[in-house]
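Notes to accompany the following structure.
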Amino acid sequence: MELPKEYDHNTLEEKWMNTWQDSMYYFDWDSNKPQFIIDTPPPYPTGNFHIGNALNWCYIDFVARYKRMRGFNVMFPEGWDCHGLPTEVKVEEKHGITKSQVSREEFRRMCVELTETNITRMRKSLRRLGFSIDWSNEYITMEPAYFGKTQRSFVQMHDCGMIYQQNHPVNWCPRCETAIAFAEVEYDSRSTHLNYLNFDKLKIATTRPELLAACVAVAVNPDDERYGDYVNTEVKVPVFGHNVRVIADKNVDPTFGTGVVMICTFGDKQDVRWWVEHSLPLRKAIDKTGKMTELAGKYKGMGTTECKKAIISDMKESGLLYKQEDLPQNVGLCWRCKTAIEILSERQWFVKIKQEDILNTANEVTWIPDYMKVRLENWTGTMEWDWCISRQRIFATPIPAWYCSDCGKTKVAKEEWLPLDPTQTQPPESCECGSSQFRGEEDVLDTWMDSSISALHVSGWLSDHPLLLPAQLRPQGYDIIRTWSFYTILRSKALLDKRPWDTILLNGMVLGEDGHKMSKSRDNFVIPEEVIVKHGADAFRQWAAIGGTTGSDIIFLWKDVVAGSRFLQKMWSIVRFSLPHISDKPASFTPIDLWLISKLNRLVKETTEKMDAYQFDETFKAIRGFAWDILADNYIELAKSRLYGEDGEGKQAAQYTLFVAIETISKLLAPFLPYFSEEIYSHIKQESIHLQSWPDVNESRIDAGAESTGEMIKEITSAIRRYKAEHGMPLNASLKEIEIYSTITDASDIAGASNSTIRLRPGTPDFELVPREIKPNMKVLGKTYRNKAKSIAEALVNADMKLSDIGSITIQVEDEEITLDLSCFTIEKERLLKGKAVDILEAGNSTIVIMR
RNA sequence: GGGCUCGUGGUCUAGCCGGUUAUGACACCGCUCUCACACAGCGGAGGUCCGGAGUUCGAAUCUCCGCGGGCCCA
């Protein structure tokens, strides 16, 4: 059966997608094979699979398919990280409500419904991209099966003292009305005013006069001579009239403003540090919604911006404010809604961070690229307080705890009660005080509490299966090192005292064609589906493989995808030509066959090493280079005359060589091009290529001798081809006669490829050998002669070339006589003809004489 | 402000534990419709490897300084 001329990616990819069975990729919990569990990132179910996710998944799939072919028991699970604000916002939009208008249950139900729709859509994208996902290991964090584990992890960590409740300053988003973790704070530079105030006896400068009501102290630098007398005295806060102490602290910058700062609870993180250090009282001037409290007197009920405006105008009027300056400022924002955060002291749940544990565990993991580990280390070193895990939201894992209505004591659930929602269920036992009236905790868990046990979940934690932690691989983007990597390491260590994975593989970000991060506003946004429709999943996957080195940012370029589809077409043509000519019956190889087989084994060796090192770009480029250059442009051209010729040993050898090459290449391509490789393999064998083994290297077939002989034949042939091109002849033109002076013993393929009669001649032709140039070998000279190497090289170039006949050259350098043997230089020779009507070509250590 | 990272022909990119004619793709210019492929083949032009200093016999590759991008953060 002849293949169609063009490779039709649309039809064939759809065909294979619908043919493949999910069970091909199931992880076998009872297998004897070595395990390879991949702790894949659970995407947020927005409904659209982003191109950055797609890159990440391509890397994962390359690894998963490769490892499977290498005999590993691979788990490529698919998780969905459902909880969080974006879905809550979408649901409010979709139903035209705010979450307070419906019951918690009803709101949660709406969120679940939207998430399910989105997951269904995204599953389709995943399938279409050809990912070998193990759907028997899918997990959905909003389902009881998963969030029950999240709750159990909470209870376990609470019971061993890793989770506690405390009044503590937290980053607070007044718009979302929730606490957020440091990892959720984003920074942006804005400009503000520095206001100079008459502050009792002192003058202070502040950017936040609206926090005057929350002022609990005034600080100066202990070495600042201007203010030494004031330290430990009291001053009266203007407008509000309460007295505060003047304290000395070396962290006050005497050159900033007036050198006097007011400490408020809380204006920024520095205030928190001072507050703790000097045991200052707490004055809450801002409430959870970002409004001023009664402490603010007449400003009560105003928003912070409004209050700031009002208080400034009042103080200007009364002369308290005497100067204003512009000041650039970095403001902390809520990463979801970009509202400026406040620091409020609230009762929250925290997870203890043990920096040592995290750093030690991070050291047990192999980081690829290794320098990415530094990011985790730096982040760990800058943590100022524990991880705040409570959120004031609805669509999230409920915190399994209650408060006794009588004594107020907190009751945390027992593991066997879980999963549950404390706002819907009462605890099955009464409080220590005897009361059985409880109020369920309404706070919910940070979504990172869900996803940071993904490694544990997929490895069989709290299941009927054996625990297989650590997983082998964690693939993820470097942008979430400080969150997902950090929290996973923390939790794995805390819950099981183990590292979560052996290796973490970081991928870069996908940039748009203009080199900037993709965003809808920049109009450089591309979605994977768009690429698939135009060029197919395999072409897209090629872009992922060769667009850049693993770990670096990668620009999405359409031309890379186009180049990918061209390679598919080229490879298709190769297979289309080969199919009628292949045979799996071995025969005795000719020199050019041996050359190809040697190169092929070298390719297998190289690609195996590179895949083991996760160097997808290099692997794929090596395969493509082999197929295009070595196989198509050279081997096939050279073997054609045998393939088209009469039956016999030579023909059979070419048929077999071609078979081996096609079969091997299709297997090497399988991890990258699942559809294409399956299609071509289906024309050779009846089984799926994705159930085959990765090719073995046959070391005995890697033969430098065979390669150099083949290289000579190749060089000679292309020299003849070039000769024809330069003389304006068609490449299939027949030349009168060609004489080749060479060490090769078989010129039949050359004859075939050049369509001419070839006469092989031994030894040196009847020409004069004239040395033309001496080329010094700096590698040898440098090592041997060090600082003299330069002058020796100069002398060599100018030496009398006839001297080299005896195999060495003696030269004078700086009054010293040095004899250099053949390892130190090479002689370029020119062959001159003795008056014959011929053209001479030099190629592959041979002389080609073409009769005119 | 700090950390990490990158800066290679027109564009993108490999090489970067020192010694290669500096890799490949796209674009460009010739020639060829050759029996798998014109989404091709063959040939060609095009690079002070960001700038400067240093280490070295020798640096795209190592060190330092500077300039310029990117990312993460304060």
Side-chain angles (χ1 to χ4, degrees), chain A residues 2-3 5-7 182-183 185-187 189 268-270 328 330 332 369-379 381-382 384 477-483 506 508-509 511 513 515-517 535 539 542-543 546-549 551-581 615 617-618 620-622 624-625 628-629 631-633 636-637 640-641 643-644 658 718 721-733 753 755 775-793:
Chain A
E2 198 175 322
L3 298 184
K5 199 168 175 178
E6 280 183 21
Y7 178 67
F182 279 118
V185 179
E186 203 174 84
Y187 291 84
S189 55
D268 58 24
K269 256 168 70 182
Q270 184 56 42
N330 275 306
D370 58 352
Y371 58 82
M372 289 292 185
K373 185 166 77 182
V374 181
R375 295 194 179 201
L376 183 100
E377 289 169 345
N378 290 343
W379 171 248
T382 61
E384 298 211 26
Y478 61 69
D479 54 334
I480 49 174
I481 288 175
R482 71 198 164 107
T483 48
L506 283 315
M509 301 294 113
L511 308 176
E513 290 209 280
H516 289 96
K517 213 173 184 172
H535 302 285
Q542 272 186 79
W543 158 78
I546 60 176
T549 314
S552 63
D553 288 348
I554 150 168
I555 296 184
F556 178 83
L557 293 170
W558 280 103
K559 70 175 186 63
D560 282 351
V561 182
V562 172
S565 72
R566 281 196 192 156
F567 172 62
L568 292 177
Q569 181 55 48
K570 180 70 187 182
M571 200 57 219
W572 184 250
S573 300
I574 293 170
V575 174
R576 181 166 171 264
F577 165 79
S578 303
L579 280 183
H581 295 292
Q615 294 173 315
D617 59 328
E618 300 218 29
F620 195 84
K621 280 175 186 170
R624 189 177 62 178
W628 208 310
D629 180 41
L631 180 63
D633 293 346
I636 289 181
E637 291 306 322
K640 255 182 194 169
S641 62
L643 292 168
Y644 284 125
L658 201 52
S718 64
R721 213 158 33 196
R722 210 175 305 130
Y723 175 86
K724 289 181 183 174
E726 278 164 11
H727 289 77
M729 303 178 202
L731 293 183
N732 62 349
N755 195 23
K775 285 183 83 175
N777 185 349
M778 291 311 292
K779 204 166 187 171
V780 175
L781 287 177
K783 273 203 183 108
T784 322
Y785 297 102
R786 298 273 133 195
N787 55 349
K788 277 188 216 149
K790 207 172 213 170
S791 25
I792 291 174

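Keep in mind that this is a model prediction, so the values were computed, not measured. Sequence lines set the chain letters: A, B, ... in the order given, protein chains first and strands last, and positions in each chain run from 1.
- With a 3.5 Å ceiling on both atom-pair distances, the Watson-Crick or G-U wobble partner of B:rC62 is B:rG54.
- Note: CZ (A:Phe567) to P (B:rC37) measures 18 Å, nearest angstrom.
- Comparing B:rA25, B:rC37, B:rC4 by their nearest atom to the side chain of A:Lys5 picks out B:rC37.
- Nucleotide B:rU11 holds its C1' atom 8 Å from the CG atom of A:Leu557, rounded to whole Å.
- Within the shown strands, B:rG44 is the pairing partner of B:rC28 under the Watson-Crick or G-U definition, both distances less than 3.5 Å.
- Ring pair A:Trp572/A:Tyr7 is tilted by interplanar angle, where 30° to 60° counts as tilted.
- At the heavy-atom level, A:Ile574 lies under 4.0 Å from base atoms of the strands shown.
- Annotation: side-chain hydrogen bond (donor to acceptor under 3.5 Å, both in side chains) contacts of A:Asp617 (sequence neighbours excluded): none.
- A:Tyr478 comes within 4.0 angstrom of sugar-phosphate atoms only, judged by non-hydrogen atoms across all strands, and of no base.
- The side chain of A:Lys559 has B:rC26 as its nearest neighbour among B:rG70, B:rG3, B:rC26.
- Going from the P atom of B:rC57 to that of B:rG18 covers 16 Å, rounded to whole Å.
- Contact between the side-chain N/O atoms of A:Arg566 and the OP1/OP2 oxygens of B:rA25 is not found at any separation under 4.0 Å.
- Comparing B:rA40, B:rC39, B:rC71 against the side chain of A:Glu6 picks out B:rC39 as the nearest.
- Note: CG (A:Asp560) to P (B:rC12) measures 11 Å, nearest angstrom.
- B:rC4 atom P lies 22 Å from atom CD1 of A:Ile480, rounded to whole Å.
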Taking only nitrogen or oxygen atoms into account, show me every contact under 3.5 Å that the protein makes with nucleotides 14-22 of chain B, one pair per line with its distance.
{"from": "B:rA14", "atom 1": "OP1", "to": "A:Thr549", "atom 2": "N", "distance (Å)": "3.4"}
{"from": "B:rA14", "atom 1": "OP1", "to": "A:Thr549", "atom 2": "OG1", "distance (Å)": "2.4"}
{"from": "B:rG15", "atom 1": "OP1", "to": "A:Glu618", "atom 2": "OE2", "distance (Å)": "3.2"}

